[in-house]
Amino acid sequence: MTHRCPTSSADSEEKFGFQSGSDFTLDEFQKYADEFKQKYFRMKGSDEISISEIKNHMKMWEPSAEEIEGEYWRIVVCPSDKVEVDYGADLDTATFGSGFVKLSSSDGNKQDPYGVSCWNLNNLPRLPDSVISFEDEDISGVVVPWLYVGMCFSSFCWHVEDHFLYSLNYMHFGEPKVWYGVPGGEAVKLEESMRKNLPKLFEEQPDLLHELVTQLSPSVLKSEGVSVYRAVQKSGEFVLTLPRAYHSGFNCGFNCAEAVNVAPVDWLPHGQCAAELYRDQHCKTSISHDKLLLKAAKEAIRQLWMNLLNCKSGKGEYRWLNTCGKDGVLTNAIKTRVKKEGAAWEANVTLKSKKMDKDYDSNDRECFSCFYDLHLSAVSCQCTPNRFACLNHMNLLCSCGMDRKITLFRYSMEELNTLVAALEGDPAAVCCWGQDHLGLVCQSGSLKHRKMDSCKSTEFSGLAIDANLVSGFGGNQNQCDDLQKPAGFQQGKGVQNNCLNLNIEDPPCSSRIKEPSRHQVEPLDYGMVMIGKKWFNNQAIFPKGFRSRVTFYNIQDPTAWCFYVSEVLDAGPLGPLFKVTLEQVSDEIEALDPHHQCLDYWLSKAASPAKELPSDSTNTPVTLEKLPKKAKLPDGQKLTTTK
């Protein structure tokens, strides 16, 4: 690594890096590594030890880790010395075998404690709490562990893990490995120090840090104000590296280690940062960050849905719930991604768009320019249908006009915003997303625990009824407090042609009917949140199928109070279409006793004078003509509700 080698025989430009080494069996490499160390440090070989030394159990001299460390950095810093060593690095365990027990799906020995252990690196990436568990492919070095067979001075240069993932390294056997680490928060500072101290190399190779071939002394980094930490890993020990934490090191002799990546949920913001940096630096990706993020979100929605319905399940089934909520790690990660996606959409509003079809996922799509993963959205053109760009680089795709280009999207912005609301804990949004995208079924009334807000009279912008009746969310479940008092009814003006006119002015206080101190609002069914301008405004959301019961003036007898049931039926021309019905509770109860077995009640009812009502009153449509401000209907058209 400390000398240059040509990239090809025809290429005169030399490049910093590693050369291919010889092929060894494990035994051959151990013998080679031991002989090198013995000769380099002038240690006695096994054939040089005298019989007296063996009899007296005399311990042969070996350099300590500190002594090897001093010599290692002397070699790196000194420009004249040349030392070559071999390193069996990045060996795929799928080919060479793992040092851990690896159970196959057909293996019946599921009780092997090492085979099922969470510390088994074959199991670690796909633990239920790891975001990488949602990765379908067995990505070598990320999901599938790699082996590292080292010898004295064999090195791993300053680098961060792909996508800023965590990594876990286990030393199976052999001599120590010396590690150096820099906190993730000082990654930029380290990169600046590297460019400052190795300017010529970075001029030749701007992406030098991605090549894992650059070693710089911790002493130099510390002099630049970079915090550097050191650890010595011995056989049987794990070393964990954190997101975006640069690390490097070397081996003190022959050893064998194994490593793999893992992604607890707190990795998500680091992974998003890596994806954006890769886009800026035009680097290829090894995983689809958006795919993992959305799969984690879907699993969280599924668990939120189960929790809402009080489904009985083991504790493990709800492991993603603590990542949700308004300040949850997963919620914030989705919010960040949706915000970036929304900004990109706003910059390309003139493009035609359509949903991705099933064939789109037949291949992993990436931007032709920056290699950004195109799982969430992409831009294509009729001239080159199999070539795609991200929303940021659509102008570079081709020279065609905008009318020939089209944006492909997996989820609309409305759907993504509903996803955010669901992760924040909105039960209606959980139900909506679960039904539309996970095939879950929300039973009517299953979201009863949602709270009703204490609120004042609200005037809806749409085909809604302004009768000082409100349904709001977020406060007391059983009632709306401090409602404005409804207008009374003037003789001769209150009822016209069997239609109740709520546009009348307030009568004098003395003529008002005595009313309860508050109106009792009882939610019956929260319905389902629908996406579209006609289903919400800046004051309220109108879920389809929402039903509530409220006390109000009896339309048939304005001197009395009764129950009305209000329901959101559908989206009308200008907004939600409401249905309001008078609830005849007593009639429904009486219908339960058709044979008049409750004798005292029926005798009392027969003795009392019957109230005279229009013969067709129960079937008379009630037309509510009061419209919200700024809302108009064609001449002669009325909002008609029927019982």
**Candidate pair T418 and Y411, rule side chain to side chain contact (heavy atoms under 4.5 Å, CB included), full reasoning** = CA-CA 10 Å; T418 301; Y411 301 110; over 6 Å; no
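Note that CG of N255 and CD of Q233 are 8.0 Å apart. Values are rounded to the nearest 0.5 Å. With values rounded to the nearest 0.5 angstrom, C431 atom SG is found 9.0 Å from W305 atom CH2. Summarising the geometry, atom CG belonging to N363 is positioned 12.0 Å from atom CG belonging to L374; distances are rounded to the nearest 0.5 Å. Summarising the geometry, atom CG belonging to L330 is positioned 10.5 Å from atom CD belonging to E299; distances are rounded to the nearest 0.5 Å. Rounding to the nearest 0.5 Å places CG of D373 at 8.5 Å from NE2 of H163. In this structure, F238 CZ and L124 CG are separated by 8.5 Å, a value rounded to the nearest 0.5 Å.
Checked against the 6.0 Å centroid threshold, Y40 and F153 count as a close aromatic pair. Taking the ring centroids of H172 and F100, they lie under the 6.0 Å cut-off. Taking the six-membered ring for Trp and the full ring otherwise, the centers of Y180 and W73 sit less than 6.0 Å from each other. Between F250 and W158, the ring centre distance reaches or exceeds 6.0 Å.
Between K335 and K326, the closest heavy-atom pair is NZ-O, 3.3 Å. Contact record, P125 with S130: O-OG, 2.9 Å, taken as the closest heavy-atom pair. The two atoms that bring K37 and P63 nearest to each other are CE-CG, 4.0 Å, heavy atoms only. The two residues F388 and A378 come nearest to each other via the heavy atoms CD2-CB, 4.2 Å. The shortest heavy-atom contact between F36 and E84 is CE1-O, 4.2 Å. Closest heavy-atom contact between C324 and T331: CA-OG1, 3.4 Å.
The 12-atom threshold is not exceeded at OH of Y229, counting heavy atoms of other residues, nucleotides or ligands nearer than 6.0 Å. Within 6.0 Å of atom CG in D357, more than 12 heavy atoms from other residues, nucleotides or ligands are found, so the atom counts as buried in its surroundings. For D364, the CG atom sits in a loose shell: 12 or fewer heavy atoms of surrounding residues, nucleotides or ligands are nearer than 6.0 Å. Annotation: F173, atom CZ; neighbour count of heavy atoms from other residues, nucleotides and ligands within 6.0 Å is above 12. Within a 6.0 Å sphere centred on CD of E276, heavy atoms belonging to other residues, nucleotides or ligands number more than 12.
By the side chain to side chain donor-acceptor pair (under 3.5 Å) test, H270 is found to be paired with no residue, residues two or more places apart in sequence or in another chain being considered. Residues forming a salt bridge (charged side-chain N to carboxylate O under 4.0 Å, His left out) with D138 (at least two apart in sequence, or on another chain): R126. For the salt bridge (charged side-chain N to carboxylate O under 4.0 Å, His left out) test, no residue two or more places apart in sequence or in another chain qualifies with D266.
The aromatic rings of W320 and F134 sit tilted relative to each other, their planes meeting at an angle between 30° and 60°.
Side chains of T93 and W146: a donor-acceptor N/O pair is absent below 3.5 angstrom, by distance only. E237 and Y170 are not linked by any side-chain donor-acceptor pair at a separation below 3.5 angstrom, with hydrogens and angles left out of the test. Side-chain contact check for Y32 and D86: at least one donor-acceptor pair (N or O, by modelled atom type) lies under 3.5 Å. In summary, the side chains of Y148 and N251 do not present any donor paired with an acceptor at a separation below 3.5 Å, with no hydrogens or angles considered. Under 3.5 Å, the side chains of E258 and S98 contain a donor-acceptor pair of N or O atoms. With 3.5 Å as the limit, one finds no donor-acceptor pair spanning the side chains of T241 and E161. Inspection of the Q215 and Y72 side chains reveals an N or O donor paired with an N or O acceptor under 3.5 Å.
Using a 4.5 Å cut-off on side-chain heavy atoms (C-beta onward), V178 and C252 make contact. No side-chain heavy atom of K102 sits under 4.5 Å from any side-chain heavy atom of N120. Inter-residue side-chain proximity for W179 and R230 is flagged as unmet; no heavy-atom pair is nearer than 4.5 Å. In this structure, I139 and I287 have side chains that are in contact, with non-hydrogen atoms separated by less than 4.5 Å. V260 is not listed as a side-chain neighbour of V143, based on a closest heavy-atom distance of 4.5 Å or more.
K355 contributes a side-chain N or O that, together with a main-chain N or O of R410, makes up a donor-acceptor pair within less than 3.5 Å. The backbone N or O of D27 sits nowhere less than 3.5 Å from a side-chain atom of Q30 that would complete a donor-acceptor pair. Without hydrogens or angle criteria, S217 side chain to S219 main chain gives a donor-acceptor distance under 3.5 Å. Not one N or O on the side chain of H247 forms a donor-acceptor pair closer than 3.5 Å with the backbone of V182. Looking only at distances, no side-chain donor or acceptor of E135 sits under 3.5 Å from a matching main-chain atom of I132. The main-chain N or O of V188 is never found under 3.5 Å from a side-chain atom of E191 such that the two would form a donor-acceptor pair. Within the 3.5 Å criterion, the main-chain N or O of Y166 finds a donor-acceptor partner in the side chain of N261.
Both the sub-6.0 Å distance and the 45° axial angle are satisfied by R365 relative to the ring of Y360.
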